[in-house]
Amino acid sequence: MKMEEMSLSGLDNSKLEAIAQEIYADLVEDSCLGFCFEVHRAVKCGYFFLDDTDPDSMKDFEIVDQPGLDIFGQVFNQWKSKECVCPNCSRSIAASRFAPHLEKCLGMGRNSSRIANRRIANSNNMNKSESDQEDNDDINDNDWSYGSEKKAKKRKSDKNPNSPRRSKSLKHKNGELSNSDPFKYSNSTGISYETLGPEELRSLLTTQCGVISEHTKKMCTRSLRCPQHTDEQRRTVRIYFLGPSAVLPEVESSLDNDGFDMTDSQALISRLQWDGSSDLSPSDSGSSKTSENQGWGLGTNSSESRKTKKKKSHLSLVGTASGLGSNKKKKPKPPAPPTPSIYDDIN
Amino acid sequence: QEPRPPPRPRPRRGPGGGCLDVDFAVGPPGCSHVNSFKVGENWRQELRVIYQCFVWCGTPETRKSKAKSCVCHVCGTHLNRLHSCLSCVFFGCFTEKHIHEHAETKQHNLAVDLYYGGIYCFMCKDYVYDIDIEQIAKEEQGECSVPGLGEKYPTWETTKPELELLGHNPRRRRIASSFTIGLRGLINLGNTCFMNCIVQALTHTPILRDFFLSDRHRCEMPSPELCLVCEMSSLFRELYSGNPSPHVPYKLLHLVWIHARHLAGYRQQDAHEFLIAALDVLHRHCKGDDVGKVASNPNHCNCIIDQIFTGGLQSDVTCQACHGVSTTIDPCWDISLDLPGSCTSFWPMSPGRESSLNGESHIPGITTLTDCLRRFTRPEHLGSSAKIKCGSCQSYQESTKQLTMKKLPVVACFHFKRFEHSAKQRRKITTYISFPLELDMTPFMASSKETRVNGQLQLPTNSGNNENKYSLFAVVNHQGTLESGHYTSFIRHHRDQWFKCDDAVITKASIKDVLDSEGYLLFYHKQVLEPEPEKVKEMTPQAY
């Protein structure tokens with residue numbers, strides 16, 4: 001089979017086909033040879049058998065296909081006792097309750113602000129009626145019952161019955177709606193900000209004045225428009241706690257509470273908020289980011305306000321690459337939480 | 001007390017009963033004849049020259065000279081397993097034993113195979129593998145690349161430490177048919193079924209699985225404990241561990257809430273939205289961007305997420321006055337499809353027509369995925385209320401707009417827009433949409449556009465192009481209403497086995513179960529992957 005140069009022109013079809021056949025056969029043989037070498041080399045170098053599995057150990061992993069059992073041969077619904085450790089608070093939590101726990105733990109739940117305020121109030125001197133409220137609240141917050149109950153009990157004994165503050169807080173009670181009002185705090189006592197976590201602090205600063213008193217070293221718990229402090233002071237304290245980008249939440253003047261006492265309407269607003277609020281906490285600022293990404297074909301967020309406590313399926317929005325439409329309920333600027341909820345409920 | 005030396009690896013017995021006792025620490029044994037060859041200072045260089053000129057020719061000149069001069073000195077053939085003597089310039093073919101004759105006559109014991117570079121020892125009467133020569137051969141082979149054919153894909157070779165480990169651990173598991181390795185349930189953490197379904201789909205995406213199981217992720221994040229890609233890597237290890245007890249993905253939830261704040265909160269959520277948010281965070285973290293500040297251009301991003309999921313959606317706007325076309329190409333991670341019956345879509349074509357294109361169930365009245373895609377890529381007249389400013393006419397004109405795929409992603413995700421919440425109504429569209437096991441995207445590509453005549457799709461006569469063919473590998477389904485529901489998924493495991501994933505419970509499913517399901521998110525994987533030169537190191541070209 002000497003190799004020689006030859007011209008392809010002038011050859012008839014059958015000759016050309018024979019040549020093509022020859023080339024094809026060479027290529028096939030070539031490939032087979034290559035494969036043989038691979039195997040030969042793998043065997044001689046000792047790694048040909050390396051990916052063999054041990055039939056005995058594989059037996060444990062055979063798929064089961066029987067009614068009432070999963071593929072591992074396990075019965076359904078036996079995983080209630082699974083637990084995990086919360087990365088935020090390091091407590092052991094039942095796995096199926098982890099999501100609601102984490103929401104509260106990170107201070108982003110609808111009740112987080114209320115809980116934070118309650119803890120703040122606990123850290124100061126409390127009167128007896130306030131501590132009664134604690135027990136009602138605890139029933140609603142299963143995840144917090146263990147920790148806060150303990151705290152509540154402790155604080156009771158720490159109370160100083162002779163504190164000059166106590167008479168003032170009794171006075172407040174008369175102005176409040178009812179004993180079942182969960183949203184209670186004493187305007188005259190301040191808040192020790194050292195006991196607060198960052199999320200609680202952030203949450204607090206959206207609803208309260210927050211300016212630190214030079215005398216007591218505590219944060220002012222009056223409204224965002226309290227006359228005792230200026231906006232400038234409020235801005236300063238926010239920058240101090242939250243960083244240079246912190247903003248002072250705006251409050252609509254019609255619902256403002258300038259005085260010491262909480263007015264009836266404000267208490268009503270607060271109560272309505274906790275019953276079924278939208279999640280307009282600062283964490284929602286994340287949704288504006290998604291709108292920037294519309295060109296990527298990303299879905300935009302629709303944060304529906306929850307009218308009832310029933311959990312709703314989160315809605316998906318039109319998120320085609322052409323970016324049509326958006327159905328955000330988010331208001332252009334985030335006002336203090338009590339304000340928008342009253343209008344939502346009326347609608 | 002002296003530390004005990006590691007135990008000698010036990011010899012493995014192969015199916016043929018052959019037993020090889022190789023000390024993995026040392027490598028392949030070579031032979032004494034090869035050792036005699038490796039003396040002096042010049043043998044390395046001489047060997048390299050032989051490889052470069054006669055075996056792996058890297059230049060057109062060497063290729064030409066090989067073709068001309070590499071023939072058997074006895075019979076003149078260039079076939080028949082030609083070998084070159086290692087000690088002198090002699091070419092002889094193996095089949096006719098011409099090289100053997102030379103070896104005996106001249107006492108030259110070694111020859112190299114000109115096709116694959118193996119060294120044959122005539123005394124041992126076998127090909128031998130010497131560790132030093134193997135190293136040189138590997139280098140020379142690597143240097144040689146043929147333009148147009150791309151880089152040669154090397155077969156997997158273990159490294160020394162890997163060989164030792166494998167030798168010490170003969171009990172092994174692999175992903176194989178009828179075994180549970182690679183399947184595992186996920187605990188519902190409280191309305192997190194939407195997340196569990198996406199995790200199941202992602203962890204059963206073949207190319208993503210290969211990336212993570214071969215430990216390719218190198219963390220770039222300032223704090224690795226916050227890296228979602230690292231967590232993904234960990235998830236793969238958990239799900240492929242063979243552990244039958246369902247995994248608790250609490251860390252994943254925590255990280256997603258931190259990095260995608262709009263999703264944080266205890267409530268039912270949309271699986272599609274979660275998918276997009278997760279891909280976004282993974283993409284950012286691949287580049288070490290933990291605050292979402294780096295403006296990255298997805299067209300130039302080389303992270304594994306973009307390599308796999310990013311497609312190019314072309315939008316052509318044609319001015320009706322001057323017929324000038326303005327084209328933009330946007331990156332996309334998914335295609336969201338309108339369904340018949342929704343108030344936003346108009347559905348002019350009768351469903352069922354020409355849907356045998358992809359082998360979907362051709363029942364009149366049943367809409368298919370192909371129908372939805374055809375509607376998605378049809379030219380749409382924008383109407384007189386939506387005039388576009390035309391660059392050449394310099395005025396506002398009526399125009400038509402058409403979307404097509406310019407670049408197909410490796411993994412295509414289709415999203416049926418079942419949740420409708422317009423001013424008119426809020427509801428879930430539960431219309432069954434038939435979708436195929438295999439999908440050819442050729443008709444929906446930008447290059448197929450020209451085949452539309454008067455809005456009618458001209459089916460390409462040759463749809464045999466494998467590059468655009470996809471296989472279904474995961475389906476996410478939603479049961480329930482817009483307000484409240486439950487997500488489950490079907491995933492494909494090991495070729496043709498399907499499994500239903502309902503949070504912690506994994507059960508076997510039939511292909512019919514999958515194809516009869518309603519379908520909300522569909523995941524398709526390219527059947528054939530052509531690695532591009534600059535990306536070959538990242539991707540391994542294997543699919544089902």
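What's counted below: heavy atoms across the whole structure, side chains too, no hydrogens, waters or symmetry copies. Convention: sequence-line order gives letters A, B, ...; per-chain numbering from 1. Model, not experiment: these values are computed from the prediction.
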Quick check on [X] against chain A: is it the side chain, the backbone, both or neither that has a heavy atom closer than 4.5 Å?
X: B:Arg418; result: neither
X: B:Gln497; result: side chain
X: B:Tyr115; result: side chain
X: B:Asp503; result: neither
X: B:Ile506; result: both
X: B:Tyr116; result: side chain
X: B:Ser315; result: neither

Acceptor/donor pairs from residues 27-37 of chain A side chains to any protein atom, 3.5 angstrom cut, sequence neighbours excluded:
{"unit_1": "A:Ser31", "atom_1": "OG", "unit_2": "A:Leu27", "atom_2": "O", "d": "3.0"}

**OP:** Check A:Cys86 against A:His101 and note the closest heavy-atom contact, atom names and distance.
**Re:** SG-NE2, 3.3 Å
Return all side-chain donor-acceptor pairs below 3.5 angstrom for residues 60-72 of chain A, not counting sequence neighbours, or 'none' if the list is empty.
{"unit_1": "A:Asp70", "atom_1": "OD1", "unit_2": "A:Phe72", "atom_2": "N", "d": "2.9"}
{"unit_1": "A:Asp70", "atom_1": "OD1", "unit_2": "A:Gly73", "atom_2": "N", "d": "3.1"}
{"unit_1": "A:Asp70", "atom_1": "OD1", "unit_2": "A:Gln74", "atom_2": "N", "d": "2.8"}
{"unit_1": "A:Asp70", "atom_1": "OD2", "unit_2": "A:Gln74", "atom_2": "NE2", "d": "2.9"}

Original post:
For the ring pair B:Tyr520 and B:Phe194, is the centre-to-centre distance below 6.0 Å?
Top reply: no
Original post:
Taking the six-membered ring for Trp, are B:His494 and B:Phe179 ring centroids under 6.0 Å apart?
Top reply: no
